[in-house]
Structures are given as C-alpha cells and as structure tokens.
Amino acid sequence: MVRVRFAPSPTGHLHIGGARTALFNWLYAKHNKGTFILRIEDTDRTRSTEEYIDAIIEGMKWLDLDWDEGPYRQTDRFDVYRRYTEKLLNEGKAYYCYCLPEELEQRRQEALVQGKSPKYDGRCRNLQDPIPGKNPAVRFRMPREGETAVNDLIKGKTVFDNAYLDDLIIMRSDGTPTYNFTVVVDDVDMNITHVIRGDDHLNNTPKQIHIYNALGYEVPLFAHLPMILGADKTRLSKRHGAVSVMAYKEMGYLPDALVNYLVRLGWSYGDQEIFTRDELIQYFSFDKVGKSAAVFNPEKLLWLNSQYIINSSAEELAEMVVPFLSKEKVISEGQTLDKEWLSKAIDTQKERSRTLIELANSLRYYISEDVEYNEKAKIKFLNEKSLPYLIELKDSLVSISDFSALEIEKVFTSIIEKHGIKLGNLAQPVRVAMTGKTESPGIFEVIKIAGKEKTLKRLEKAIKTIEIKP
RNA sequence: GGUCCCAUCGUCUAGAGGCCCAGGACGUGGCCCUCUCAAGGCUAAAACACGGGUUCGACUCCCGUUGGGACCGCCA
C-alpha cells in the first residue's frame, strides 16, 4: 500500500515549486490507489504562522489536490519526538551538546575562510558529565566510517562517504525538535512508503537514513524531483515574478491549466502536451520524470491556459468569470447577468482570451451601456464615407423582428450588394460603432449578443459622431 | 572551499547503440483561411556543451574537461 506525503513548512504561501512537489505526490498516490497525507512542518515557531497554514491549504484546495489524511501538525507531536530523542540518548546514539549557537557560527565562518568544510568538530561527542547552568542541544551520533547509498527512484544510486556527514542537532536547547529528525520520526510514524520531495533534500538523505537505522526502522523509498528554475537558471523565487499559486488564480489562470503546466515540467508522456486529470493519474510514473532542473516558462503556461479556456464549456467559464467581472468593473456592484445570455457571449470570446481577466474585459462592450472609441479606429472608420451605410444599416435593422445572426447577415448582404462594396467596408465601421475597436468576434455575432436596443443606440451614436464633425 | 546532482533547439521535452544529416510543444517569422482579431491549418529558422575512449556503428555506454544547480544552520 502506497503512502506518500506533502510536508510544507508554513513560512510562506504555497508556491510553484511546492505545488509541483504536492502534485507529484498526489499523482503517485492516485496512480497506485494509495494514501496522500498533508503534514505541516511547523517546528520552526519563529517563522511559521497560522496564516500561512491556511494559505497553503487554500492553494491545495484551489488546485484540487485533495489529501486523505491530515493536515497533521508537527507542533502537535512534540511528545513523540521527545520520546524518540530519549530513546536515542539512552542508547548512546545521541548526545548532549553544550556549544552555543554563536560559537558554532563563529567556527563555521572560520572553517569557511580557511577553505575547510564547515562541519561540527564533535567536541561534545564524548563529554562524560553535564555542564551545569547550560541548556544543551541534542546531537545525533553519525557514523564516521563507511558509505551510505541512496537508491533514488529518479536519480538512481548515489553513494555518500559517511566521513563527510555531520553530527546534526535533532533537538534544540529549548527542547524543540529539528527538521531532519522530525521528518524521519513522522515518516516512520505515518508509515510513509515513498518520500517524494525536491532534490535539494538529496544531501540530507544519507543523514536521515542513519536516523532510520538508529531507530531500528525500515528506510522508505526516495524520489527526488529536480528543481524549478527561473529564467536566469537559479532556483525559482520571488524575484522571478509571481511564484505563489494563488497569484495565478488572481491573474485568471485555471487550476487545471497550472497543474498541466507543472506536471510537464520534468515529466513527459511522448509528445502529448494536454492531459486530463484522469490521464495524468493513469500515465504517471517516475521513469518518465527527468533528472535535470527545468526553467519555468510563463509564456507556455499562458498558452496552456488559453487552451484550457477554449476547451472549457461556456457554462463553466460563466461560473468562473463572474468574480473577474466585478474585479475588472465590467459589472457594477450587485449587478447580475442572465446565465444563458452570458454563456452565449462567452462563446464568442473564449478563443481570444488567454486568461479569465482577458475574458472578463472582452465582455465589456456587450455589457456596458456605452462604448469608448479607440481614436485611431474612429478616424479611420467613422467618417463621411461610412456614414450612408451606417444610416442604411440602422434603418434596416430597426425593422427586423428576428434578431438572429442569420437575419443580421442578410441585412448586411443586401446593403453591400446594393452598393457593390465589400463586406469589410461595412463591417469595420460597424465594428468600431459596436465595440470601439477594430478587432472583435464576427460582427453578426457581436450585434446579436449586444441585442437590438444596444445596437441601434450605438449606431445612432456613431452616426451623430460623424455628423457633428465639421 | 567540500559533498552531491545535472547537461538535446531561446524554453519545456521525445530519444533506452543503427529507426536521428534528431521528433513534438511554447515563443518567433512566413503563407492559407477570413468582415477584423483570435482560433485553426501549413511552413521556416532553431539543439545532441567539449575532448577522449568502447563499438562495425554513438544523442544514446564509460572516463575526463567545462558549464550550471543544490546542499554544507539550535531553517525546512
């Protein structure tokens, strides 16, 4: 039975890198009908906040990465860690260290300056008696000889020389446990079978393996995912732009598009680019995960998002776009729209909208009372030349009762045939009259969606605008 | 500085020794479609980091060089 976990520390929002780690864990669990656990690693009390715990959960929910157990919190489990620490202490597998943090930091700096490895020198390793008046930290006694092999599902076999391993601190002098210890204890306690995490943890793995051994537990399987980099090839961070998952929600991305993008960063399935969730679950495997780091490319994410918008139904989009209509002030507060009408309007715009924000704004000229002319468009198309056609169109449209795209087209056709002009000669001025712009969906569609009343009003306005001009 | 990881178009990647003078996707240019803009279709430019082996034959295997990254905390 596969049991995996995503274990973020609540020191920030759920970011792109964390989301991908969560996603790969989730996919592996789903693929194997296993259990996906959410565990909050909040042992660093100075940096962890409740707000960030909520933010991470919110991000997971938005991406629809549901977990089967948890969220567990490490701060709820201090007694467990203490018990295990006692055990190691009693067995001589851990020892008290009385060195002060400042002393350690100083020694580390000195070692670095001298070009030596900034490793703990082990001076408290064989201390017999406690030093009174000092609160000690607890260090793990790491073996100094031999080698430790990590058989990674992605990276393959990596061998570490134990001589380079540090006697790491497993419990701070204030009695709180540290990361490298709590992960092991929790992964043991929660029966985790596969540890799937970023490859920034690969170097920690041999140390953790020794802790498993000392505790007398079986070592789980490891899968270390390559990092996500920014355009400058350094680890993705705030300075590369938006990295928080929720920022993408606000920018009008669909969660499925982000998931699809993230999964293709380091994973592939032949030439396929777009996957449903079910396909992802079905196809996922570690042997298709690449070993090298990947650069985050917002352009491709944007393209994927446009594809997801195109492939979504107008009804689904109508649901999603409403918050953006308010935020972009396309509708006023409290204003509601007819669902059926909105869906039809969206159908005309979805293939030219890459985000929900763009979609919301594209609906503006259908919804608002008035349009604002683009200056260049106005000069080019709303002039003496188009005036008679606009007047004729308006007069013709007044009389038709069936305001369908087909009927509207008939009106256009009869006018252009009568005058021997091209459709563009009429359509472009009308487009400017209707939308204020030179680009829009098909003009018959635009007129139909806007409706008779708005259409006549806008044509009148355009005519007046031309007539007033000297 | 040490340890570890990685290396195919600008970017994401396919490629498990002959299928590859390297395929797909984003982006970029061109053409088609067309009432405009998109979408869609077609098309072009664009890569196996370098050097040694192994082999009849290397993008694929081995070694080295170079380059990049991560980690070396009483952070996770």
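These figures come from a predicted structure and were not determined experimentally. The chains referred to below are lettered A, B, ... by the order of the sequence lines, with proteins before strands, and numbering in each begins at 1.
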Task: Rounded interatomic separation in angstrom, taking CG from L168(A) and P from A76(B) - done: 11 Å
Task: Heavy-atom protein contacts under 4.0 Å, nucleotides 43-49 of chain B, coded B base, S sugar-phosphate only, - none - done: -------
Task: Inter-nucleotide C1' distance (A25(B), G15(B)), Å rounded - done: 15 Å
Open item on the list: Applying the side chain to side chain contact (heavy atoms under 4.5 Å, CB included) criterion to I447(A), which one of V411(A), T455(A), L459(A) satisfies it?
Closed with: T455(A)
Task: For C4(B), the Watson-Crick or wobble counterpart (both distances under 3.5 Å) - done: G69(B)
TODO: Under the side-chain hydrogen bond (donor to acceptor under 3.5 Å, both in side chains) rule, collect the residues that match up with E41(A), sequence neighbours excluded.
DONE: R39(A), Q74(A)
- [ ] With heavy atoms under 4.0 Å as the rule, sort L104(A) into base, sugar-phosphate or nothing.
- [x] base
Below 3.5 Å between N/O atoms, which protein atoms pair up with nucleotides 59-61 of chain B? Just atom names and distances, please.
none

Task: Residues forming a side-chain hydrogen bond (donor to acceptor under 3.5 Å, both in side chains) with D44(A), sequence neighbours excluded - done: T46(A), R47(A)
Open item on the list: On a heavy-atom basis, which atom in K422(A) and which in I416(A) lie closest, and how many Å separate them?
Closed with: O-CG2, 3.9 Å
Task: E105(A)-Q109(A) side chain donor-acceptor pair, cut-off 3.5 Å - done: yes
Open item on the list: At 4.0 Å (heavy atoms only), tell me whether C99(A) reaches a base, stays on the sugar-phosphate, or touches nothing.
Closed with: base
- [ ] Applying salt bridge (charged side-chain N to carboxylate O under 4.0 Å, His left out), name anything that partners R123(A), two or more places apart in sequence or on another chain.
- [x] D121(A)
- [ ] Flag this pair as yes if the NZ/CZ of R364(A) is under 6.0 angstrom from the six-membered ring centre of Y366(A) and inside a 45 degree cone about the axis; otherwise no.
- [x] no
Task: Whole angstrom value for the distance that separates P of G73(B) from CE of M142(A) - done: 12 Å
Task: H15(A) NE2 to A76(B) P, straight-line distance once rounded to whole Å - done: 15 Å
- [ ] Using Watson-Crick or G-U wobble geometry with both distances below 3.5 Å, tell me the partner of A14(B), or none.
- [x] none
Open item on the list: Work out how far the P atom of C32(B) is from that of C37(B), and round it to whole angstrom.
Closed with: 13 Å
- [ ] Take the protein atom CG of L100(A) and the nucleotide atom P of C74(B), then report the distance between them rounded to whole Å.
- [x] 12 Å
Task: Distance in angstrom units between Q109(A) CD and G1(B) P, rounded - done: 16 Å
- [ ] Would you classify F160(A) as touching base, sugar-phosphate or nothing, given that sugar-phosphate means primed atoms plus P, OP1 and OP2, and contacts are heavy atoms under 4.0 Å?
- [x] sugar-phosphate
- [ ] Look at atom CD of E372(A) and say whether more than 12 heavy atoms of other residues, nucleotides or ligands are closer to it than 6.0 Å.
- [x] no
Open item on the list: Using a strict threshold of under 4.0 Å (side-chain N to carboxylate O), is an ion pair present between R139(A) and D166(A)?
Closed with: no
TODO: Only counting residues at least two apart or in another chain, list the ones meeting side-chain hydrogen bond (donor to acceptor under 3.5 Å, both in side chains) with D271(A).
DONE: none
Task: Separation between the C1' atoms of C5(B) and C9(B), rounded to whole Å - done: 24 Å
Task: Pairs satisfying side chain to side chain donor-acceptor pair (under 3.5 Å), at least one member in residues 293-305 of chain A, at least two apart - done: E273(A)-K300(A)
- [ ] Using a 4.0 Å heavy-atom cut-off across all strands, classify T234(A) as base, sugar-phosphate, or nothing.
- [x] sugar-phosphate
Open item on the list: If the cut-off is 4.0 Å, is T158(A) near the phosphate of C4(B), judged by side-chain N/O to OP1 or OP2?
Closed with: no
- [ ] Using only heavy-atom distances, determine whether the side chains of N425(A) and H419(A) contain a donor-acceptor pair under 3.5 Å.
- [x] no
- [ ] Look at all strands and tell whether H201(A) reaches a base, only sugar-phosphate, or nothing, counting heavy atoms closer than 4.0 Å.
- [x] base
Could you list all N or O pairs between the protein and nucleotides 34-39 of chain B that sit under 3.5 Å apart?
residue : atom : partner : partner atom : Å
C35(B)  : O2   : R431(A) : NH1          : 3.2
C35(B)  : O2   : R431(A) : NH2          : 2.7
C35(B)  : N3   : I443(A) : N            : 3.2
U36(B)  : O4'  : Q428(A) : OE1          : 3.4
U36(B)  : O2'  : T438(A) : O            : 2.7
U36(B)  : N1   : R431(A) : NH1          : 3.3
U36(B)  : O2   : R431(A) : NE           : 3.3
U36(B)  : O2   : S440(A) : N            : 2.7
U36(B)  : O2   : S440(A) : O            : 3.0
U36(B)  : N3   : R431(A) : NH2          : 3.1
U36(B)  : N3   : S440(A) : O            : 2.5
U36(B)  : O4   : G442(A) : N            : 3.3
C37(B)  : O2   : R352(A) : NH1          : 2.5
C37(B)  : N3   : R352(A) : NH1          : 2.5
A38(B)  : O2'  : E351(A) : O            : 2.5
A38(B)  : N1   : E351(A) : OE2          : 3.3
A38(B)  : N3   : E351(A) : OE2          : 3.2

- [ ] Between protein and nucleotides 7-27 of chain B, map the contacts as a letter string: B base, S sugar-phosphate only, - none, heavy atoms under 4.0 Å, written 5' to 3'.
- [x] S---BBSSS-------BBBSS
Task: Nearest-Å distance for atom pair CZ/C1', residues R108(A) and C71(B) - done: 13 Å
TODO: Provide the distance between the two P atoms, one in C62(B) and one in U55(B), to the nearest whole Å.
DONE: 16 Å
Using a 3.5 Å cut-off and no angle test, enumerate the donor-acceptor pairs between side-chain atoms of residues 152-160 of chain A and protein atoms at least two apart in sequence or in another chain.
residue : atom : partner : partner atom : Å
D152(A) : OD1  : H224(A) : N            : 3.1
D152(A) : OD1  : H224(A) : ND1          : 2.6
D152(A) : OD2  : I154(A) : N            : 2.8
D152(A) : OD2  : K155(A) : N            : 2.8
D152(A) : OD2  : H224(A) : N            : 3.2
K155(A) : NZ   : D199(A) : OD2          : 2.9
K155(A) : NZ   : K291(A) : O            : 3.0

Open item on the list: From CD1 of I170(A) over to P of A76(B), roughly how many Å is that when rounded to an integer?
Closed with: 13 Å
- [ ] Can you figure out which of A76(B), G1(B), C6(B) approaches the side chain of S9(A) most closely?
- [x] A76(B)
Open item on the list: Looking at R197(A), I'd like to know whether one of its side-chain N or O atoms comes within less than 4.0 Å of OP1 or OP2 on C71(B).
Closed with: no
Open item on the list: Please verify the inter-ring angle class for Y269(A) with Y283(A); under 30° counts as parallel, over 60° as perpendicular, anything in between as tilted.
Closed with: parallel
TODO: Assign N204(A) to base, sugar-phosphate, or nothing according to its heavy-atom contacts below 4.0 angstrom with the strands shown.
DONE: base
Open item on the list: Between K155(A) and Y179(A), which residue's closest nucleotide on RNA chain B lies nearer the 5′ terminus?
Closed with: K155(A)
- [ ] Measure from the side chain of T178(A), starting at C-beta and using heavy atoms only, and say which of A76(B), U3(B), A70(B) lies closest.
- [x] A76(B)
Task: Sequence neighbours excluded - side chain to side chain donor-acceptor pair (under 3.5 Å) pairs with any residue from residues 436-451 of chain A - done: R431(A)-S440(A)
TODO: Give the rounded distance in Å between these two atoms: CG of D200(A) and C1' of G68(B).
DONE: 16 Å
TODO: Please identify each residue that fulfils side-chain hydrogen bond (donor to acceptor under 3.5 Å, both in side chains) with E316(A), with sequence neighbours left out.
DONE: S313(A)
TODO: Between P8(A) and R235(A), name the one whose nearest nucleotide on RNA chain B is closer to the 5' end.
DONE: R235(A)
